[in-house]
Amino acid sequence: MQQPVLIVLHQEFSTPGRVGHVLKQRGFVLDVRRPRFGDPLPATLSGHAGAAIFGGPMSANDNDDYIRREIAWIGEVALREDRPFLGICLGAQMCALALGGRVFLHPQGRAEIGYYPIRPTAAGLAVVDPWPEQVYQWHREGFDLPSGAELLAEGDTFEVQAFRYGRGFALQFHPDVTHATMHRWTTRGHERLELPGARPRQTHFADREVYDYSARAWLSVFLDHWMAV
């Protein structure tokens, strides 16, 4: 029997979205925890096949206890034990901080909200080939490439879009987003659509028609590689 995959979420009604769907299709049980609401993180990942930390509207630079605990846990448990780890958006930024990197606002105050181009490196193509031409984003902070990490993909507004550190992967973009999630975010988080650089709401859905097929295919291959490394 396969071990469960630890899923860390940051809002009461958040889901692992498409990532969760793919993992369950592969036969994995999801162990969902929300440290923000008091759920503990395991002292070891020996009982899990891997761990994924997802996004949220908060910042990895916030001083909330649960954020500090998650960052420490990434470094002291997930990466130290060299277990499959995946950080998405906020989870990726936490991973960068755990590795001694920096998380920062864009110097011109720009955000990535919607679909934006992405360019895989040779190392990224060695993981998955091809990558989507554009990916879905929802953030206004980015991160440097931590020391010892391998750059997998880059972008224009925020240069570092994906990196690898051992068996840990960090993705600034959102392969987890479903059509329902996009509706929810663009409705409840509509004020972020006014940030400099954000795409108008209608383009999110129009671009999804163009780019979602390749993003879905990429995620399937990526998760198989992630669980196998």
Hey, are [Y] and [X] close enough side-chain-wise for a donor-acceptor pair under 3.5 Å?
X    : Y    : answer
E81  : T44  : yes
H48  : Q3   : no
Q93  : H139 : no
S220 : R26  : yes
Q134 : Y211 : yes

Membership question, hydrophobic clusters at under 4.5 Å side-chain separation (ILVMFWY): are [Y] and [X] in the same one?
X    : Y    : value
F143 : L145 : yes
F163 : L171 : no
V32  : Y66  : no
I88  : V221 : yes
L193 : L195 : no

Checking ring-ring contact (aromatic ring centres under 6.0 Å, His included) between H174 and each of Y115, W185, W138, F54, which is the one that passes?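 It is W185, the one option of Y115, W185, W138, F54 that forms the ring-ring contact (aromatic ring centres under 6.0 Å, His included) with H174.
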Could you grab the distance from atom [atom1] of [X] to atom [atom2] of [Y], nearest 0.5 Å is fine?
X    : Y    : atom1 : atom2 : answer
L23  : Q2   : CG    : CD    : 9.5 Å
D144 : L99  : CG    : CG    : 12.0 Å
I67  : M58  : CD1   : CE    : 6.0 Å
D82  : R80  : CG    : CZ    : 12.5 Å
S59  : R140 : OG    : CZ    : 8.5 Å
Q137 : F173 : CD    : CZ    : 7.5 Å

Pairwise side-chain contact, [X] with [Y], heavy-atom cut-off 4.5 Å (strictly under):
X    : Y    : answer
Q172 : Y116 : no
R83  : V77  : no
M227 : F28  : yes
L41  : R69  : no
P120 : V128 : no
I113 : H204 : yes
R18  : P175 : no
M94  : V8   : no

Minimum heavy-atom separation for [X] and [Y], please, with both atom names.
X    : Y    : answer
L223 : V19  : CD1-O, 4.1 Å
P16  : L30  : CG-CD1, 4.0 Å
A215 : P132 : CA-CG, 3.7 Å
L6   : P42  : CD2-CD, 3.8 Å
G168 : L79  : CA-CD2, 4.2 Å
E141 : F158 : C-CE2, 3.6 Å

Within 45 degrees of the axis of the six-membered ring of F104 and under 6.0 Å from its centre: does R102 put its NZ or CZ there? yes
Assess R199 against Y136: is NZ or CZ under 6.0 Å from the centre of the six-membered ring, and within 45 degrees of the ring's axis?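 No, cation not above the ring by the 6.0 Å, 45° rule.
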[atom1] ([X]) with more than 12 external heavy atoms under 6.0 Å:
X    : atom1 : result
E209 : CD    : no
Y165 : OH    : no
Y213 : OH    : no
D65  : CG    : no

Between R216 and V22, is the side-chain contact (heavy atoms from CB on, under 4.5 Å) condition met? List the steps. CA-CA 10 Å; R216 186 167 65 248; V22 174; over 6 Å; no
For D176 and C89: C-alpha separation, side-chain torsions, deciding distance, then whether side-chain contact (heavy atoms from CB on, under 4.5 Å) applies. CA-CA 10 Å; D176 53 314; C89 197; over 6 Å; no
Indicate yes or no for a side-chain donor-acceptor contact from [X] to the backbone of [Y] under 3.5 Å, with no hydrogens or angles considered.
X    : Y    : answer
S14  : L9   : no
R36  : H10  : yes
T187 : R184 : no
W226 : F85  : yes

Would you call the rings of H179 and F205 parallel, tilted or perpendicular, taking 30° and 60° as the class edges? perpendicular
How are the rings of W131 and W218 set to each other: parallel, tilted or perpendicular (split at 30° and 60°)?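 Because their plane-to-plane angle lies in the 30° to 60° range, the rings of W131 and W218 count as tilted.
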Tell me which one of Q161, R110, R119 satisfies side chain to side chain donor-acceptor pair (under 3.5 Å) with D156.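 One option only clears the test, and that one is R119.
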